[in-house]
There are 2 protein chains.
Amino acid sequence: MTHTYQYPRAALTVDCVVFGFDEGDLKVLLIQRDLEPFSGKWALPGGFVHIKESLENAARRELAEETGLKNIFLEQLYSFGAPERDPREHIVSVAYYALVSLAEHRPQAATDARQAAWFNLDDTPDLAFDHEEILATAIARLRGKVRYEPIGFELLPSRFTLGQLQHLYQVVLEEKLDKRNFRKKILGTGLLVDTGEIQQDVAHRAARLYRFDERKYQQLRKRGFSFWL
Amino acid sequence: MTHTYQYPRAALTVDCVVFGFDEGDLKVLLIQRDLEPFSGKWALPGGFVHIKESLENAARRELAEETGLKNIFLEQLYSFGAPERDPREHIVSVAYYALVSLAEHRPQAATDARQAAWFNLDDTPDLAFDHEEILATAIARLRGKVRYEPIGFELLPSRFTLGQLQHLYQVVLEEKLDKRNFRKKILGTGLLVDTGEIQQDVAHRAARLYRFDERKYQQLRKRGFSFWL
DNA sequence: AGTCATTGTGTCTAAAATACACTATGAGTT
DNA sequence: AACTCATAGTGTATTTTAGACACAATGACT
């Protein structure tokens, strides 16, 4: 069955930049294309938006189909519509970015045949289409946003140590932070709750585990509080 | 002539939230629709994206056609794609926001037959489609961005007084600012150049006219400087 | 000469950011 | 048992930045 319109229409896709954090490095999830164009090249997970499907739903559906990831933090990034961005025809892509904790969303066996793999951010292969530009835009957004919204927690397991949190911020912001000042500031927000538990199986003094108090953050935010780092 | 595709496609539009500032108030430019759906209702200027046209070009073309505005500050805002946002069919809209100085882009005789008018932000009519949501998103973006990027200048004439600038910030941020502290901070950035001229035709002491030093800002920005207010 | 609206200017105080170094813990090694 | 190693955990003094605050200067208009 075919569909006919009076004027030509661009096709519409979604692409997702999935960031993962894993004791040490910030990574991005890529899939290897098995179809033309750019068959064999690495690309961001994504695909065509179905008719009568919201953009965010399309992004979540494609993520689930191509990478198995569900119920994760996902936010719209930017829309890319340069006419020559796809060699076939004019395809407009609405990009999203997602944050996951690698500890809680394990090795990502792609549910579908395509190969999916995590790449260190400073060691990514050449990407298909304009996906390098999309990735660069996503990195810039993550760096900018992590300072004034508590989204960094999405990259950590639900219980984490202050050391892990500081390390995450150092990797994302690409700058060294002072331990005492960092702890003072982050605990000063009152948004971290000491779970009473401590780290297990580490070859050094075990640290306390904290969790982020989402409820409290939402309450404070309504009253004009803003998160800063 | 018609165009046929294997799968149904959503249509693609752009919509523009044009903010104008005029000695006193922040306004938004709306047009009155002359076609169904929502004929007679006010709406954001915008229209269908042509095939092989970039999104930003489409926004600039529609702005020129519907409002006569050209060569203005324009930035992508967000994409709206809820399936029921247009009663006819699934139409995805990429929204942009624009900033103009009303002093330099005068009363806006719409070039095309449609009526265009500036509305005070706290006195806007009911809008067609989901344009109220788009407008709210644009206001939030403007408020957020004005603090850490020097985009406020786009709303003023190229030469302006510190009083006008302070007033603009007060209106956008909806808070009162201390005159001496404001001047100290804004002059402290080194990004304002005293043109040596002074205001004409005012019924009180005439103020110095400044201009924003765009070149210097771009240089500083490369070296990691960030604008704060 | 006086009124009016707005410009333009400096200091003191409070708050926040930054710099900085040692002891504590517990696993692993000898 | 003693030692090494890696990381956790803690406080103060200094510098920087933000915020409060009041009055004289200008120039058009009456």
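First the proteins, then the strands, lettered A, B, ... as listed; each starts at 1.
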* Establish, with yes or no, whether the OP1 or OP2 oxygen of D/dG9 is under 4.0 angstrom from a side-chain nitrogen or oxygen of A/Arg183. => yes
* To the nearest 0.5 Å, what is the distance between CD (B/Glu56) and CD (B/Glu75)? -> 9.0 Å
* Give me the residues of residues 162-176 of chain B where at least one heavy atom lies under 4.0 Å from an atom of DNA chain D, by number, or none. => none
* Asked: Do you know which of A/Glu62, A/Arg60, A/Arg61, A/Gln76 makes side chain to side chain contact (heavy atoms under 4.5 Å, CB included) with A/Val14?
  -> A/Glu62
* **Donor-acceptor pair under 3.5 Å, A/Lys179 side chain vs D/dA8 base** => yes
* Asked: In residues 187-200 of chain B, what residues come within less than 4.0 Å of DNA chain D, judged by heavy atoms?
  -> none
* To do: Record whether the side chain of B/Lys184 comes under 3.5 Å of the base of D/dG19 through a donor-acceptor pair of N or O atoms.
  => yes
* Asked: Relative to each other, are the rings of A/Phe129 and A/Phe38 parallel, tilted or perpendicular (30° and 60° limits)?
  -> perpendicular
* What is the ring orientation for B/Phe153 with B/Phe160, classed by angle as parallel under 30°, tilted 30 to 60°, or perpendicular over 60°? -> tilted
* Asked: Within a strict 4.5 Å, meaning less than it, do heavy atoms of the B/Phe212 and B/Val193 side chains meet?
  -> no
* Under 4.0 Å between a Lys/Arg side-chain N and an Asp/Glu carboxylate O for A/Glu132 and A/Arg85? -> no
* **Nearest-nucleotide comparison on DNA chain C, the residue closer to the 5′ end among B/Tyr210 and A/Asn181** => B/Tyr210
* Single hit among B/Glu174, B/His167, B/Gln166 for side-chain hydrogen bond (donor to acceptor under 3.5 Å, both in side chains) with B/Gln170 -> B/Gln166
* Asked: With a non-hydrogen cut-off below 4.0 angstrom, is B/Ala207 in contact with a base, only sugar-phosphate, or nothing?
  -> sugar-phosphate
* Could you tell me how the ring of B/Trp228 sits relative to the ring of A/Trp228: parallel (under 30°), tilted (30 to 60°) or perpendicular (over 60°)? => perpendicular
